[in-house]
Participant: 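Sending over a structure as structure tokens; questions will come in a sec.
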Amino acid sequence: QVHLVESGGGVVQPGRSLRLSCAASGFTFRSYAMHWVRQAPGKGLEWVAVTSYDESNKNYAESVKGRFTITRDNSKSTLFLQMDRLRAEDTAVYHCVRDRTSGLVGTTWGDSWGQGTLVTVSS
Amino acid sequence: DIQMTQSPSTLSASVGDRVSITCRASQTISNWLAWYQQKPGKAPNLLIYDASTLESGVPSRFSGSGSGTEFTLTISSLQPDDFATYYCQQYKSYSSNSYSWTFGQGTKVEIK
């Protein structure tokens, strides 16, 4: 059974950094592309970033490009999101999502989602 | 960038009703579309992919249709467990070797 558990959220001041982690289990993590998707309080879903199975392909939403970095450690089945220069509008629950494919030639849909970790950016 | 627009934003219905939600893409996305259900405080759950393929374990009262720019999610007979928010998501990137997702703004299905 696929299991994705996010951690690392919390309250942080604007301009500071935070690193999120997503521990994966129940499947061969190194074979799948992975995404981060966020949801601001009371709002809809917003895609944030993606990495292919081997990190050869990555992409970011315009709203976070240049500030956020997605990485993965396949030896530890863990996905990361390094968030720098945080803004109030980055406040959201951040979900780790498994893509149905490896990401070698693009991505498809998210077939498994973690429960998310809340990031609050406030002074 | 591809924009996704869902309608309506809110839908009031009763148990047993047939309900439909529409999702429109700003450009053609073939059938590269998924639908998710989300309940308050929970992660989204995949219902349909490739516009009309039901994910394993999802009840058959859910169905998807459409291609190109217009898509529909239909619940044939609304059940108490179906009151939730529904999102569409495009992944045309798969056909163009690029990497991004776009979600619709969501449709909340509430009890009439």
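Here is the naming used below: chain letters follow the sequence lines, and residue numbers restart at 1 for every chain. Excluded from the calculations below are hydrogen atoms, water molecules and symmetry mates; all remaining heavy atoms, backbone and side chain alike, are included. The structure presented is a predicted model; accordingly, all values stated were derived computationally and were not measured.
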Participant: Report yes or no: does W101(B) contribute a side-chain atom to a donor-acceptor pair with the main-chain N or O of T108(A) at less than 3.5 Å?
Facilitator: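 Confirmed, W101(B) side chain pairs with T108(A) backbone.
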Participant: Considering only heavy atoms from C-beta outward, does the side chain of R100(A) approach that of L46(B) to under 4.5 Å?
Facilitator: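 A side-chain contact exists here, since the closest heavy-atom pair is under 4.5 Å.
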Participant: Answer yes or no: are there more than 12 heavy-atom neighbours, outside R30(A) itself, under 6.0 Å from its atom CZ?
Facilitator: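 Count not over threshold, so no.
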Participant: How far apart are the closest heavy atoms of A43(B) and G114(A), and which atoms are they?
Facilitator: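 Here A43(B) and G114(A) meet closest at CB-O, 3.2 Å.
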Participant: Students often mix this up, so state it plainly: with edges at 30° and 60°, are the rings of Y36(B) and W113(A) parallel, tilted or perpendicular?
Facilitator: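 Aromatic pair Y36(B)/W113(A) classed perpendicular.
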Participant: Drop me the distance from K43(A)'s NZ to Q105(B)'s CD, to the nearest 0.5 angstrom.
Facilitator: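 Here the interatomic distance stands at 12.0 Å.
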Participant: Should F103(B) and V37(A) be marked as a side-chain contact (heavy atoms from CB on, under 4.5 Å) after you check the CA-CA gap, both sets of side-chain angles, and the distance that decides it?
Facilitator: CA-CA 10 Å; F103(B) 292 93; V37(A) 173; 4.0 Å; yes
Participant: May I ask you to test the V50(A)-S100(B) pair for a side-chain heavy-atom distance under 4.5 Å?
Facilitator: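 Sidechains of S100(B) and V50(A): no contact.
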Participant: Y87(B) and G44(A): which non-hydrogen atoms are nearest, and at how many Å?
Facilitator: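 That closest heavy-atom pairing would be OH-CA, 3.5 Å.
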Participant: Side chain, backbone, both or neither: which part of V93(A) has an atom under 4.5 Å from a heavy atom of chain B?
Facilitator: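 No part of it gets close to chain B.
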Participant: Is Y99(B) reaching over with its side chain to a backbone N or O of K58(A), donor-acceptor style, under 3.5 angstrom?
Facilitator: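 No, the answer is negative, given that no donor and acceptor are paired below the 3.5 Å cut-off.
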Participant: Can you tell if the side chain of L45(A) reaches within under 4.5 Å of the side chain of Q89(B), non-hydrogen atoms only?
Facilitator: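 Not in contact.
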Participant: If you round to the nearest 0.5 Å, how far is OH of Y91(B) from CH2 of W109(A)?
Facilitator: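 OH of Y91(B) is found 5.0 Å from CH2 of W109(A).
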